[in-house]
There are 4 protein chains.
Amino acid sequence: MAIIQERSRTRRQRLLDSALEVFTRYGYNDAAIDEIARASETSKGGLYFHFPSKQALFLALLDDASEALLRRVESAMASEADPLERGDAALREVLHAFGSHRLLARLLLVEALGAGKEFTTKLNDLHAAFAALIADCLDDAVVAGQIPPLDARLAAHAWYGAVNQVVLRWLMTGEPQQLEETYPALRSLLLFGVTGAGDEQRR
Amino acid sequence: MAIIQERSRTRRQRLLDSALEVFTRYGYNDAAIDEIARASETSKGGLYFHFPSKQALFLALLDDASEALLRRVESAMASEADPLERGDAALREVLHAFGSHRLLARLLLVEALGAGKEFTTKLNDLHAAFAALIADCLDDAVVAGQIPPLDARLAAHAWYGAVNQVVLRWLMTGEPQQLEETYPALRSLLLFGVTGAGDEQRR
Amino acid sequence: MAIIQERSRTRRQRLLDSALEVFTRYGYNDAAIDEIARASETSKGGLYFHFPSKQALFLALLDDASEALLRRVESAMASEADPLERGDAALREVLHAFGSHRLLARLLLVEALGAGKEFTTKLNDLHAAFAALIADCLDDAVVAGQIPPLDARLAAHAWYGAVNQVVLRWLMTGEPQQLEETYPALRSLLLFGVTGAGDEQRR
Amino acid sequence: MAIIQERSRTRRQRLLDSALEVFTRYGYNDAAIDEIARASETSKGGLYFHFPSKQALFLALLDDASEALLRRVESAMASEADPLERGDAALREVLHAFGSHRLLARLLLVEALGAGKEFTTKLNDLHAAFAALIADCLDDAVVAGQIPPLDARLAAHAWYGAVNQVVLRWLMTGEPQQLEETYPALRSLLLFGVTGAGDEQRR
DNA sequence: AATGAATGAGCGTTCATTCAT
DNA sequence: TATGAATGAACGCTCATTCAT
């Protein structure tokens, strides 16, 4: 029983792995179910035994990836008490996660957007979850008097977008070689903007 | 002859208009050539007379939109001498342009990403052009001593991403009602970060 | 224009002809769209240009066949004044029509039944139309005093079923060689039953 | 051993029952093996242990139903000495059997026809067996001088078809509520036709 | 005997593209 | 230039059947 479950989980996982690879290589629409089945050394029917449709497979991928990323970031934030340090930790974790999982980055930042209307909701949820995480940080920092009052939601989305675009550049042009190299500069930008006012390290 | 050319241009433009609408409504892959032809009150054959393929049509749309946006931003920047003011003008113009052309925003920020590998290059070019515009500003500002030295390319992409995400939120959730309302907060974030250090207005 | 319409009608008709042949040879479910396209020397896409689905194609066939049969029978009945003669004419015409269009008989009596729930309504309509035709005859004959009062609807269905079964036997076993040979015996049965009471010819 | 056989028979019977229900609800082609297995609270593998194929399962159903019906009719006929009374008994029994086993009626009169070429033979056999039963009656009645000579085979098929169609109407339109109500009228029609000549009761 | 995960051939349908008119 | 009927490769999905356990 346990063995069967394990094998089943294995098969399912193999399918998800292959799906991630094929979806990110060809894009949602150009990814053929046949190709995913072949890549996972399964049959088409086997795939459809585990996932009811192509859409559901992609959604499962999206869910897994979103959840994993969120969990990692949340856990990284949990180990910091200071609000701004928590934001810092989030940034580091995101860069680390994407930097070490190129496919996951591609999935969430590129393919999910163009996969069709059906996935918009999911993506919005992810954006909202991330933005909420950051917005909470910022609100706490405001309460703690670390930063002046501001539109935390907007700032959170702006942060998120700034990071995303840097990841996107890395994905598409390969610059810089190590995504995590961007951490210091990004941190400074998010905290102090381009003027760098108050950034003691940069002075 | 001139009349024919003009009529041709009209037809071509009608096709582009309809294509923009259909592509942004359904997404690149789910947009049917039939639908575009119908929407432009032409025939499929007529469409193929003006554009050799679906891909070319989308590319033309992307080109036109990118160029128009870039021209507008460049022209807005040209009328400002001060480097940081130029950046400011660019931000205002981008928010204004996207805010008043929802479809254009959707096309460039959403559909282009998911349309397939063939369009990645085009999108990279657009990103690069925008980033270059902003990076030049920042470099000038550094030279002028307005801001401390920094990785201008990275900062440019971060800026660009921050703005994009705010636009994206507006596209997908409708917040805020008027995109341009975000200008003051965004300006402050880009210049001074969340700490707002040096932001005399916010103090 | 007229030529195009004609060619179009030709193509459509060719499709219907091939569809009739393939559907009656393999049955609705085992008939492949590919096969129909091949048989009509068209492409699958061409078929789908004229008919939106396999179901619609079968339905069109059913409609055409029903209508043609009903029209023929109605016209045969129209030329007779006497109620019972009208019934006689209907019987002759049905036997003649089915006898000379084996495929049509197969379509209406065999394939339509097993094609699926979607066609039941259509088939019921046909049965109802036929039964109504005959029931009217019988009602008129009652009014004219030619036959005693009876449940005309039930009798109509029984007649219809009797004829159908004879056609079915012919379809499936090939007996008798000429379907129309069955006319005199069928006529006598329908009018006088097995007792033949009142059948002056049989006495 | 006996227990196992009994359990096996039980399982087999449960499968047949569920199969009858599923086949008549969805039609042969649209009935899924999965559905039958689920309905009988067995597994797909279990089903395939008892029946080698979907076709064989349907055939078994057809066989059982045909045999049961024939046995009932034969037994009903056996208790009558007079040829025409025997026919009468057959008619009563058929109406009673179908009237109280709607699914059986559907199976034999509707689904079997459209299930595909493979079942034609079986169906022909059933038709032939029934026709033979009735034809024998009629032949005997001729010999006994009760009715004039006639093509007994043809008459038998006509009878059979007349009854079938009345059953079919009941199945598909629900008229009349009780199938057995049709007995007197049908009896009269089969014996005396629409003229009712010789029908003392109708006079 | 029984289970249900796995197989894979086959099918209906779509749609970008072509081309005779 | 423009039309729209025609093409055909490709795809998502189904489901009867198999087989390791």
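Order of the sequence lines sets the chain letters (A, B, ...), proteins ahead of strands, with each chain counted from 1. What you see below is based on every heavy atom in this structure, not just the backbone, and it leaves out hydrogens, waters and symmetry mates.
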Query - Interface with DNA chain F, restricted to residues 24-41 of chain A and to heavy atoms under 4.0 Å - result: A/A31, A/A32, A/I33

Using atom [atom1] of [X] as one end and atom [atom2] of [N] as the other, report the distance to the nearest whole Å.
X: A/F51; N: F/dT14; atom1: CZ; atom2: P; answer: 16 Å
X: D/L47; N: F/dT18; atom1: CG; atom2: P; answer: 13 Å
X: C/R14; N: F/dA6; atom1: CZ; atom2: C1'; answer: 11 Å
X: D/Q55; N: F/dC15; atom1: CD; atom2: P; answer: 18 Å
X: B/K54; N: E/dC15; atom1: NZ; atom2: C1'; answer: 8 Å
X: B/F49; N: E/dC19; atom1: CZ; atom2: P; answer: 16 Å

Report task. Considering only NZ, NE, NH1 and NH2 on the basic side and carboxylate oxygens on the acidic side, decide whether C/E111 and D/K117 come within less than 4.0 Å. Result -> yes

Within-4.5 Å side-chain heavy-atom neighbours: [X] and [Y]:
X: B/F23; Y: B/L103; result: no
X: C/F51; Y: C/L59; result: no
X: B/L126; Y: B/L70; result: yes

Query - A/H50 side-chain N/O to E/dA6 phosphate OP1/OP2 under 4.0 Å - result: yes

Query raised in the report: Quick one: is A/R11 getting a side-chain N or O under 4.0 Å of the E/dT7 phosphate, OP1 or OP2?
Result: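 Yes, within the criterion.
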
Query raised in the report: Of A/T42 and C/G45, whose closest DNA chain E nucleotide lies nearer the 5' terminus?
Result: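 So the residue in question is A/T42.
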
Query raised in the report: On the ring face of C/Y28, is C/K54 found with NZ or CZ under 6.0 Å from the centre and within 45° of the axis?
Result: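 Yes, cation above the ring, under 6.0 Å and within 45°.
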
**Report entry** Short side-chain to backbone donor-acceptor contact, C/T42 and C/S40, under 3.5 Å
**Finding:** yes

Query raised in the report: Pick the nucleotide of DNA chain F nearest each of D/K44 and A/Y48; which residue has the one closer to the 5' end?
Result: A/Y48

Grab the two heavy atoms, one from [X] and one from [Y], that are nearest each other, plus how far apart they are.
X: C/R14; Y: C/E41; value: NH2-O, 3.6 Å
X: A/M172; Y: B/T120; value: CE-CG2, 3.4 Å
X: C/L109; Y: D/L113; value: O-CD1, 3.6 Å

Requested in this report: Pull out every stem in DNA chain E, meaning runs of 3 or more consecutive Watson-Crick or G-U wobble pairs with both distances under 3.5 Å.
Outcome: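 Output for stems: E:2-21 with F:2-21.
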
